[in-house]
Amino acid sequence: KCRLIACEEAWSIPEVAAELKKVANSPTQSADKLLVKGIYDAEADTSGYGKMDFLGGLLDVEEQRLPQMDEHGVDMHLLTLTAPGVQMFDADTATDLAALANDKMAEICAKYPKRFAGLGSFAPQSPKRAAKEVERVMGELKLNGLVVNGHTNGDYFDDYRFWPIFEAAEATNATIYIHPRGPSDTLKGPLMDYAMDSAMWAYGVEVATNMLRMMAGGVFDRFPNLKICVGHMGEMVPFFIWRINFMHSRAQKVGRAPKTERSMEEYFKDNFVFTTSGVEDPLALRYAIDRMGVENVIWAIDYPYQPMKPAVDFIENFACSDEEMHALCHGNAERVFHIA
Ligand SMILES: COc1cc(C(=O)O)cc(C(=O)O)c1
Ligand SMILES: [Mn+2]
C-alpha cells in the first residue's frame, strides 16, 4: 500500500471566516461574493453554496477530517487556507490574518507531524510584507510552501510589484501553489451565468490566464528556479500546450509578444508541477503523465469540496507502474513540498 499524501486540502480559521462574512454583506462586485455569501453567510444564502455546507469541513481537523483520513487510508493532508484566502481584505487586515492562519497551521502540523503538512498564506496586497511572510513561513514556522488564490484586485503575477514575493520563494526553495478563485472583474464578463463563475469553468480560466501571463511575461527568466504548483490537472494547460506553444512562438516572431529565454512548453515543464485535484478522470491523468512527465504530477483530493473516498479509489485503481504510483501518491509531494 502506497503512502497517500493529498496536496490541495482546504482549511480555514474562524477569524478569516468572520472577516469573509463581512465581505459577503459588503457592496463588492467581486465574482467571489457568491461563494463567500454561500459559505460564510449561509443563513442568508440563496446561491446553493450554503446548502453544500463546506464551512464545517473547512474549520475542522480532528472531528471529521482526521477520522475520515484514517478510514480511507490517507496518510497526510497538505493544508491550504481556502480560496479566496485573505485576498479580499484591505492590506493590513490581510497581512495580519495571513500571519495568524500560518501560526495556527504550524500548530496543527507540529501536533500531527505525520498527518499534516501545510502551505502558508501571504497578502499580495502588500508585496514587501508578503515577501517577509514567505521567509517566516519557510524559516521559523517550518511549513512546506505557500498558497495564493489567483488574481489580487484584478492584477496578475506578471506585474513587477509582486516579484519580491517570487524572489523570497525562490531563495527559500518554496513552491507557490496558485489556487483558483472567482474571475477578476475584467475577466468575469460572460462567466457569471449558469454557475460558470465557479470551479466548473472560470476557476480554470482564471488560473490558466495567470500562468500564461507569468510565462510570457518573463517571470521565469528573472526567477529560473521558482517552482509553481497548480491544481485541477494543470488547469487545462497540459491539453492545450502544443497550441499555446505554437501560437506564442508565432506571436513572438511578428512582435506581438515579447521575446523570452525559453518557450511556453519549456517554462511549463521546468517551472510548474500540478495536482489531480477535482479531476478524477483516468484518461486525463494518463495523458498528463505521458505529455508532461510523471515527476510533475501530484495526487490531491480537494477536500472538503471533493469527498475523500472517490478520490482515494480513483488513484488506487489508476492503471500505472509501481514507480508512477509512488511518484503520484507521495514521492513527488515529498520532493516539491519538503515532506519527510
Ligand atoms: C473556495 O471554494 C471552492 C469551491 C469549490 C466548489 O466545488 O464549489 C471548489 C473549490 C476548489 O476547487 O478548490 C473551491
Ligand atoms: Mn481546491
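Whatever order the structure lists ligands and atoms in, that order sets their numbers, starting from 1.
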[Y] backbone acceptor or donor facing [X] side chain under 3.5 Å:
| X | Y | value |
| --- | --- | --- |
| N271 | L226 | yes |
| N25 | K21 | yes |
| R65 | G57 | yes |
| Y287 | P238 | yes |
| D45 | G50 | yes |
| K259 | Q252 | yes |

List for me each residue that meets ring pair (Phe, Tyr, Trp, His ring centres under 6.0 Å) alongside W242, sequence neighbours excluded, and say none if there are none.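 With neighbours one apart ignored, the set is F246.
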
Check for me whether Q306 has a heavy atom closer than 4.0 Å to any atom of ligand 1.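 Heavy atoms of Q306 never come under 4.0 Å of ligand 1.
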
Mode of H179 contact toward ligand 1 - side chain, backbone, both, neither (heavy atoms, under 4.0 Å):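 Side chain only.
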
Once you restrict to heavy atoms under 4.0 Å, what part of R181 touches ligand 1? Side chain, backbone, both or neither. neither

When T275, D302, T276 are each screened for side chain to side chain donor-acceptor pair (under 3.5 Å) with H232, the one that passes is D302

Protein contact to atom 7 (O) of ligand 1 [nearest heavy atom, distance to 0.1 Å]: Y305 CB, 3.8 Å

E295/K269 ion pair, N-O < 4.0 Å: no

Shortest heavy-atom approach to atom 8 (O) of ligand 1 - which of Y203, Y303, Y49: Y49

Excluding waters, which protein N, O or S atoms are within less than 2.8 Å of the Mn ion (ligand 2)?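 Near the Mn ion (ligand 2), the protein supplies E8 OE2, H179 NE2, D302 OD1.
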
Is D302 close to ligand 1, meaning an N/O of one under 3.5 Å from an N/O of the other? yes

Show the atoms of ligand 1 that are less than 4.0 angstrom away from any heavy atom in [X].
| X | value |
| --- | --- |
| E8 | 13 (O) |
| H232 | 12 (O) |
| T82 | 1 (C) |

Would a single hydrophobic cluster contain both M196 and V279, if residues Ile, Leu, Val, Met, Phe, Trp and Tyr are joined by side-chain heavy-atom contacts under 4.5 Å?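 Shared cluster, no.
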
